[in-house]
Engineer: 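Please see the structure below; I have some questions.
Below, each value reflects all heavy atoms present in this structure, side chains not excepted, and no hydrogens, waters or symmetry copies.
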Amino acid sequence: MRGFDAFVAEVRNTLRSWARERFDYLVNNAGNYREINFVNVSEADFDAVVNVHFKGVFFLTQKLLPLMNDGGRIVNISTGLTRFTVPGNSVYAPAKGAIEVLTHYLAKELAPRRITANVAALDLSKQTSAAAWCGTIPKSTNTSRQ
């Protein structure tokens, strides 16, 4: 047994050790990051990012659904890079964008089980320092709301 099936078996065993068979919440916070400009992205680079940020979230969620209680909650973590452009993110940002679209479909398709799906991403209006770090606005710009 390998990959997703092995992980699901571990989750099942962990649940049993807690005297449970199902869970209520799933947070998909996939993580790897490769800052590579579009012209330099290899197929291996592409696969490394997409396999974690999209394929992994897609199939892990699918395989864990039988263990999730009706009325459960799914939260998929995205990034502000789906809303602004920073060079070197031509694979990472679209993979996170795919997660945002997938989340809409999960919400619709899992609604009969009362499972909600939402996406959480950085709110740049409240994260001036993060946006400045990404080079999208000067550090001295005040974006606070009154």
Engineer: Is there a side-chain contact between N32 and H53 in this structure, where contact means two heavy atoms from C-beta onward sitting under 4.5 Å apart?
Structural biologist: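 Answer yes - side chains close enough.
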Engineer: Suppose we screen for salt bridge (Lys or Arg N to Asp or Glu O under 4.0 Å). Which residues come up paired with K55, at least two apart in sequence or across chains?
Structural biologist: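 Expected list: none.
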Engineer: Is there side-chain contact between L15 and E21, with heavy atoms separated by less than 4.5 Å?
Structural biologist: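 Contact flag for L15/E21 side chains = no.
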Engineer: Quick check on F23: does its CZ atom have over 12 non-hydrogen neighbours (other residues, nucleotides or ligands) under 6.0 Å away?
Structural biologist: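 Yes, the 6.0 Å shell around CZ holds more than 12 heavy atoms from other groups.
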Engineer: Taking R73 for its side chain and G71 for its backbone only, find out whether a donor-acceptor pair lies under 3.5 Å.
Structural biologist: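 A pair under 3.5 Å: yes.
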Engineer: Quick check on the hydrophobic clustering: are F4 and L102 connected, directly or via other members, by side-chain heavy-atom contacts under 4.5 Å?
Structural biologist: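 In one cluster with F4: L102, yes.
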Engineer: Should V11 and W18 be counted in the same cluster of Ile, Leu, Val, Met, Phe, Trp and Tyr side chains packed under 4.5 Å apart?
Structural biologist: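 Same cluster: V11 reaches W18 through Ile, Leu, Val, Met, Phe, Trp or Tyr contacts under 4.5 Å.
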Engineer: Taking atom CE of M68 and atom CD1 of I74, what is their separation to the nearest 0.5 Å?
Structural biologist: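 Nearest 0.5 Å value for the CE-CD1 distance: 4.5 Å.
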Engineer: Does atom CZ of F46 have more than 12 heavy-atom neighbours from other groups under 6.0 Å away?
Structural biologist: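 Counting other residues, nucleotides and ligands, CZ of F46 stays at 12 neighbours or fewer.
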Engineer: Find out whether L65 and L110 are in side-chain contact, i.e. whether some heavy atom of one side chain is under 4.5 Å from a heavy atom of the other.
Structural biologist: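 Contact flag for L65/L110 side chains = yes.
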Engineer: Using only atom types and a distance under 3.5 Å, with no angle test, would you say the side chain of N13 pairs donor to acceptor with the backbone of E10?
Structural biologist: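 Not a single qualifying donor-acceptor pair exists.
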Engineer: Would R20 and N69 count as a side chain to side chain contact (heavy atoms under 4.5 Å, CB included) here? Give the steps.
Structural biologist: CA-CA 11 Å; R20 296 192 55 151; N69 285 317; 3.7 Å; yes
Engineer: At what distance, to the nearest 0.5 angstrom, does CG of N28 lie from CZ of F58?
Structural biologist: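 The CG atom of N28 sits 12.0 Å away from the CZ atom of F58.
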Engineer: Spell out, yes or no, whether V50 and V41 are grouped together once hydrophobic residues are joined by side-chain heavy atoms under 4.5 Å, including indirect joins.
Structural biologist: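 Both belong to a single hydrophobic cluster.
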Engineer: For the residue pair V91 and I36, establish whether any side-chain heavy-atom pair is separated by less than 4.5 Å.
Structural biologist: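 V91 does not reach I36 side chain to side chain.
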Engineer: What is the minimum heavy-atom distance between F54 and A95, and which atoms define it?
Structural biologist: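 F54 and A95 have their closest heavy atoms at CB-O, 4.4 Å.
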Engineer: List the atom of N37, the atom of P87, and the distance in Å for their closest heavy-atom pair.
Structural biologist: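 Smallest interatomic distance, heavy atoms only, reads OD1-C, 3.8 Å.
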Engineer: Supply the atom-to-atom distance N76 CG to I99 CD1, rounded to the nearest 0.5 angstrom.
Structural biologist: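 These two atoms lie 5.5 Å from each other.
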